[in-house]
**Student:** 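One structure coming up, written as structure tokens, with questions to follow.
Reminder, nothing fancy here: chain letters follow the sequence lines and each chain counts from 1.
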Number of protein chains: 2
Amino acid sequence: MAHDHVMPADLTRNQELVLGTLNHAPAPLSAYDILDLLRSEGLRAPLQVYRALDKLVERGLAHRLESLNAFVACADAHCHRKGLIAFAICEGCGKVDEFADAVTEERLSAWAGATGFKVERTTMEIRGKCAVCLKAAA
Amino acid sequence: MAHDHVMPADLTRNQELVLGTLNHAPAPLSAYDILDLLRSEGLRAPLQVYRALDKLVERGLAHRLESLNAFVACADAHCHRKGLIAFAICEGCGKVDEFADAVTEERLSAWAGATGFKVERTTMEIRGKCAVCLKAAA
DNA sequence: AATCAATACGTTATAGCATAACACTGCTGC
DNA sequence: GCAGCAGTGTTATGCTATAACGTATTGATT
């Protein structure tokens with residue numbers, strides 16, 4: 001499995017450390033998880049991590065998973081995605097699969113058009129079990 | 001605007017108090033908001049509220065909004081909805097609109113079928129501005 | 001070079017959200 | 001009765017996130 005991750009050259013030291021940590025993690029990490037992993041690099045306070053995360057999320061290099069209060073690196077190297085991204089979170093192994101669906105996005109636009117709601121941001125998170133974990137449990 | 005809310009007869013006192021509070025709220029409430037509103041009724045600890053919320057959510061009488069860490073009463077009196085419910089949250093007035101979309105649900109099933117993922121629960125939360133707030137800002 | 005604005009940084013303190021653990025109550029069914 | 005279960009009340013604690021302060025660095029402008 002190849003790394004699809006991206007590491008822009010213009011990140012600050014803290015941003016680079018945080019994104020590096022997320023890139024190597026097999027599952028989402030909380031800000032405090034990240035902090036603990038980076039204490040050896042000199043980070044001491046939650047805010048150092050949160051500030052880096054804010055920038056990374058803003059740039060689309062990382063995503064926040066609302067239902068976990070945790071963060072993952074963006075799985076798409078070209079992260080030009082402006083639209084709706086869905087996350088499938090396995091309760092077994094913790095792995096997260098990221099995908100986009102144009103039809104769902106279209107439905108959402110249609111609903112927004114009909115109600116006059118202006119969509120700014122959408123989070124879609126699916127909890128369940130991935131194929132690997134289902135098979136292991138069988 | 002009619003109350004679509006429901007208040008089952010078999011709730012415990014705490015559950016009834018919490019659901020009553022949610023039913024009358026114009027916008028989502030955090031557990032601590034609810035606690036503060038119910039101190040006059042004798043509630044003192046967060047756990048009293050959280051336990052009631054757990055049951056209410058389990059029964060589909062209330063929903064948790066992950067992106068707000070807050071709760072709303074279910075808008076559908078018959079809340080038989082097992083499937084995907086989407087919430088549109090207005091950043092202006094805080095109001096939440098709850099709706100279901102069969103097509104989106106179908107897309108999700110299709111994705112699940114294709115990847116072997118077993119969906120247990122889905123949260124879909126849309127942030128933006130409602131028609132009323134957009135008009136007010138114009 | 002001196003200045004200014006913008007951005008990032010580091011630190012301490014605090015706010016806000018959620019649960020662990022324990023003891024007790026009240027009901028239901030045997 | 002009494003065992004089992006769901007609900008309750010309380011204290012303590014842990015996890016998540018931000019406020020408020022000052023400093024440092026960078027880059028553009030004069």
Side-chain angles (χ1 to χ4, degrees), chain A residues 7-22 25 27-59 61-72 89 91 94 121 123 125 127, chain B residues 7-22 25 27-59 61-72 87 89 91 94 96 121 123 125 127:
Chain A
M7 178 65 80
D10 65 337
L11 295 179
T12 67
R13 170 173 158 83
N14 287 359
Q15 289 162 16
E16 192 180 313
L17 287 170
V18 169
L19 184 53
T21 304
L22 288 177
L29 297 175
S30 76
Y32 282 74
D33 291 339
I34 296 169
L35 175 58
D36 288 338
L37 290 168
L38 290 176
R39 285 194 192 279
S40 59
E41 297 291 342
L43 269 69
R44 291 150 194 261
L47 220 51
Q48 296 176 285
V49 175
Y50 279 109
R51 288 202 274 230
L53 284 169
D54 280 349
K55 289 297 172 199
L56 295 172
V57 169
E58 193 179 307
R59 289 183 57 169
L61 297 166
H63 302 290
R64 176 187 173 82
L65 299 175
E66 302 285 358
S67 65
L68 294 178
N69 294 325
F71 301 82
V72 285
I89 302 164
E91 318 247 66
R121 182 159 40 96
T123 75
E125 300 178 14
R127 309 292 288 267
Chain B
M7 177 66 77
D10 66 336
L11 296 177
T12 67
R13 171 173 158 83
N14 286 359
Q15 289 162 14
E16 192 180 313
L17 286 170
V18 169
L19 183 53
T21 304
L22 289 177
L29 297 175
S30 76
Y32 280 74
D33 291 339
I34 296 169
L35 176 57
D36 287 339
L37 290 168
L38 290 177
R39 284 193 193 280
S40 59
E41 296 291 341
L43 270 68
R44 291 149 193 261
L47 221 50
Q48 298 177 282
V49 174
Y50 279 110
R51 288 201 274 230
L53 284 169
D54 282 348
K55 290 298 172 196
L56 295 173
V57 169
E58 195 179 307
R59 291 183 56 169
L61 297 167
H63 302 291
R64 176 186 172 82
L65 299 175
E66 302 285 358
S67 65
L68 294 178
N69 294 326
F71 301 83
V72 285
F87 299 93
I89 302 163
E91 318 246 66
V96 173
R121 183 161 38 97
T123 76
E125 299 178 14
R127 309 292 290 265

**Student:** OP1 or OP2 of D:dA6 sitting under 4.0 Å from any side-chain N/O of B:Thr12?
**Tutor:** no

**Student:** Ignoring backbone atoms, test whether A:Gln48 places a side-chain nitrogen or oxygen under 4.0 Å from the OP1 or OP2 oxygen of C:dC9.
**Tutor:** no

**Student:** Taking the side chain as C-beta and beyond, is there a heavy-atom pair between A:Pro8 and A:Arg59 under 4.5 Å?
**Tutor:**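 Heavy-atom side-chain distance check passes, below 4.5 Å.
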
**Student:** Starting at atom CG of A:Leu43, determine the distance to atom P of C:dA8, rounded to an integer number of angstrom.
**Tutor:**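 Atom-to-atom, A:Leu43 to C:dA8, this comes out as 15 Å.
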
**Student:** Check whether any side-chain N or O of A:Arg13 sits under 4.0 Å from OP1 or OP2 of C:dA8, and answer yes or no.
**Tutor:**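 A:Arg13 to C:dA8 OP1/OP2: no side-chain N or O under 4.0 Å.
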
**Student:** Are side-chain heavy atoms of B:Val18 and B:Leu11 found at a separation under 4.5 Å?
**Tutor:**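 Contact flag for B:Val18/B:Leu11 side chains = no.
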
**Student:** Against B:Arg64, only a single residue in B:Asn69, B:Leu56, B:Asp54 fulfils side-chain contact (heavy atoms from CB on, under 4.5 Å); can you say which?
**Tutor:**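 In the set B:Asn69, B:Leu56, B:Asp54, the residue that makes a side-chain contact (heavy atoms from CB on, under 4.5 Å) with B:Arg64 is B:Asn69.
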
**Student:** Provide, to the nearest angstrom, the distance between the CD atom belonging to A:Glu41 and the C1' atom belonging to C:dC9.
**Tutor:** 16 Å

**Student:** For B:Leu11 and D:dA6, what is the distance between atoms CG and C1' respectively, to the nearest whole Å?
**Tutor:**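 The answer, rounded to whole Å, is 14 Å.
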
**Student:** Shortest non-hydrogen contact from B:Leu19 to B:Leu61?
**Tutor:**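 Heavy atoms only, the tightest pair is CD1-O, 3.8 Å.
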
**Student:** Over how many whole Å does the gap from A:Leu17 atom CG to C:dA8 atom C1' extend?
**Tutor:**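 Rounded to whole Å, this separation is 14 Å.
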
**Student:** How far apart are the C-alpha atoms of A:Ser67 and A:Glu125, what are their side-chain angles, what is the distance that settles it, and do they pass the side chain to side chain donor-acceptor pair (under 3.5 Å) test?
**Tutor:** CA-CA 7 Å; A:Ser67 65; A:Glu125 300 178 14; 2.5 Å; yes

**Student:** For B:Glu16 and D:dG7, what is the distance between atoms CD and P respectively, to the nearest whole Å?
**Tutor:**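 To the nearest whole Å, that distance equals 14 Å.
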
**Student:** Sugar-phosphate atoms are those with a prime plus P, OP1 and OP2; base atoms are the rest. Using that split, label each nucleotide of nucleotides 11-27 of chain D B, S or - for protein heavy atoms under 4.0 Å, 5' to 3'.
**Tutor:** B----BBBBB-------

**Student:** So do the side chains of B:Lys55 and B:Thr12 get within less than 4.5 Å of each other, counting heavy atoms only?
**Tutor:**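 In short, these two side chains do not touch, never coming nearer than 4.5 Å.
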
**Student:** Please report, rounded to the nearest Å, how far the C1' atom of C:dA8 is from the CG atom of A:Asp10.
**Tutor:** 13 Å

**Student:** Round to the nearest Å and state the distance from B:Lys55 atom NZ to D:dT8 atom C1'.
**Tutor:** 13 Å

**Student:** Which one of B:Leu43, B:Asn14, B:Asp33 satisfies the side-chain contact (heavy atoms from CB on, under 4.5 Å) criterion with B:Leu38?
**Tutor:**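 Answer after filtering B:Leu43, B:Asn14, B:Asp33: B:Leu43.
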
**Student:** Rounded to whole angstroms, how far apart are CD on A:Glu66 and C1' on C:dC17?
**Tutor:** 14 Å

